[in-house]
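Below: the structure, in structure tokens.
Letters A, B, ... mirror the listed sequences (proteins, then strands); counts begin at 1. Note that this is a predicted model, so its numbers are computed, not measured.
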Amino acid sequence: MQNNLTDFQWSVLTAIQKIPFGETRSYQWVAGKIGKPKAARAVGQALNKNPYAPTIPCHRVVCADGSLGGYAGGSRLKKFLLNMEKESLNHFCKK
DNA sequence: TGTCCGCGGGTGT
DNA sequence: ACACCCGCGGACA
């Protein structure tokens, strides 16, 4: 309940924060980055609670095979956000 | 393609 | 301290 997250949580949050705009990473990618390649579920668990919801682009985190997986706000929204990011990025590039 | 098991950690009891 | 939960992943049927 504390704002004080554990080392594990911080690792996940910071790792996801580093995901560039319009990019997507898998839970396993994040898990491996924090030194726990098998902790993909734990990563998802942390994101689900997402103590820093607007701070963490959890929608950029997808399944290892590229599926959206799940999303606290709804997979539909997640897909929409990712698509919007890509479109925005492409728009800037094309512009 | 669908289902089951296993790994890792969180939160609640 | 124990049990159940979770946004996965990979293996097996």
Side-chain angles (χ1 to χ4, degrees):
Chain A
M1 276 308 210
Q2 288 94 333
N3 269 17
N4 269 48
L5 301 170
T6 56
D7 176 72
F8 167 80
Q9 287 293 82
W10 279 118
S11 302
V12 177
L13 299 175
T14 48
I16 292 166
Q17 278 185 1
K18 287 166 188 170
I19 302 176
F21 186 85
E23 294 288 303
T24 53
R25 289 293 184 271
S26 65
Y27 296 94
Q28 196 164 46
W29 184 92
V30 178
K33 192 166 181 87
I34 66 178
K36 291 160 193 287
K38 301 184 148 197
R41 290 165 97 175
V43 172
Q45 185 68 312
L47 287 174
N48 183 237
K49 284 142 193 290
N50 205 356
Y52 291 89
T55 320
I56 312 298
C58 29
H59 61 268
R60 287 184 199 161
V61 189
V62 295
C63 287
D65 81 301
S67 302
L68 291 176
Y71 189 50
S75 52
R76 205 279 312 186
L77 179 62
K78 180 171 181 175
K79 191 172 185 281
F80 179 76
L81 289 168
L82 287 170
N83 182 57
M84 187 176 70
E85 288 187 0
K86 291 176 191 176
E87 292 297 286
S88 299
L89 195 66
N90 180 51
H91 180 70
F92 282 118
C93 188
K94 192 167 61 177
K95 170 69 178 60

Could you check how far [atom1] of [X] sits from [atom2] of [N], rounded to whole Å?
X	N	atom1	atom2	value
A:Ile56	C:dG7	CD1	P	17 Å
A:Ile19	C:dG7	CD1	C1'	13 Å
A:Trp29	C:dG9	CH2	P	14 Å
A:Asp7	B:dG8	CG	P	16 Å
A:Leu5	B:dG9	CG	P	16 Å
A:Leu68	C:dG7	CG	C1'	11 Å
A:Leu82	C:dG7	CG	P	17 Å
A:Tyr27	C:dC8	OH	C1'	8 Å

Contact check, side chains of A:Val30 and A:Leu47, non-hydrogen atoms, under 4.5 Å: no
Pairwise side-chain contact, A:Leu5 with A:Val12, heavy-atom cut-off 4.5 Å (strictly under): no
Give [X] one of three labels, base, sugar-phosphate or nothing, depending on what nucleic acid heavy atoms sit under 4.0 Å from its own.
X	result
A:Ala39	sugar-phosphate
A:Ser75	nothing
A:Phe8	sugar-phosphate
A:Lys49	sugar-phosphate

Nearest atoms (heavy-atom pairs only) where A:Ala31 meets A:Ala39: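 Closest approach of A:Ala31 to A:Ala39: CB-C, 3.8 Å.
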Heavy-atom pair of closest approach, residues A:Leu68 and A:Tyr27: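 Closest heavy-atom pair between A:Leu68 and A:Tyr27: O-OH, 4.2 Å.
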Residue-phosphate contact under 4.0 Å: A:Thr6 side-chain N/O, B:dG10 OP1/OP2: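 Yes.
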Presence of A:Gln45 side-chain N/O under 4.0 Å of C:dC8 phosphate oxygens OP1/OP2: no
Short side-chain to backbone donor-acceptor contact, A:Lys33 and A:Ile16, under 3.5 Å: no
Identified side-chain hydrogen bond (donor to acceptor under 3.5 Å, both in side chains) counterpart of A:Arg60 within the set A:Glu23, A:Gln17, A:Glu85: A:Glu85
Hydrophobic cluster membership, A:Ile56 vs A:Phe8, 4.5 Å side-chain cutoff: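 They do share one cluster, since a chain of ILVMFWY contacts under 4.5 Å joins A:Ile56 to A:Phe8.
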Along DNA chain C (nearest heavy atom to each residue), the more 5'-positioned of A:Ala42 and A:Gln28: A:Ala42
Any N/O donor-acceptor pair, A:Tyr71 side-chain to C:dG7 base, under 3.5 Å: no
5'-most by nearest nucleotide on DNA chain B - A:Gln9 or A:Lys38: A:Lys38
Within residues 57-66 of chain A: residues closer than 4.0 Å to DNA chain C (heavy atoms):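 The answer is A:Cys58, A:Val61, A:Cys63, A:Ala64.
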Watson-Crick/G-U partner (both atom distances under 3.5 Å) of B:dG8: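 Paired with B:dG8, as far as the under-3.5 Å criterion goes, is C:dC6.
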Gap between atom OG1 of A:Thr14 and atom OH of A:Tyr52 - 0.5 Å precision: 11.5 Å
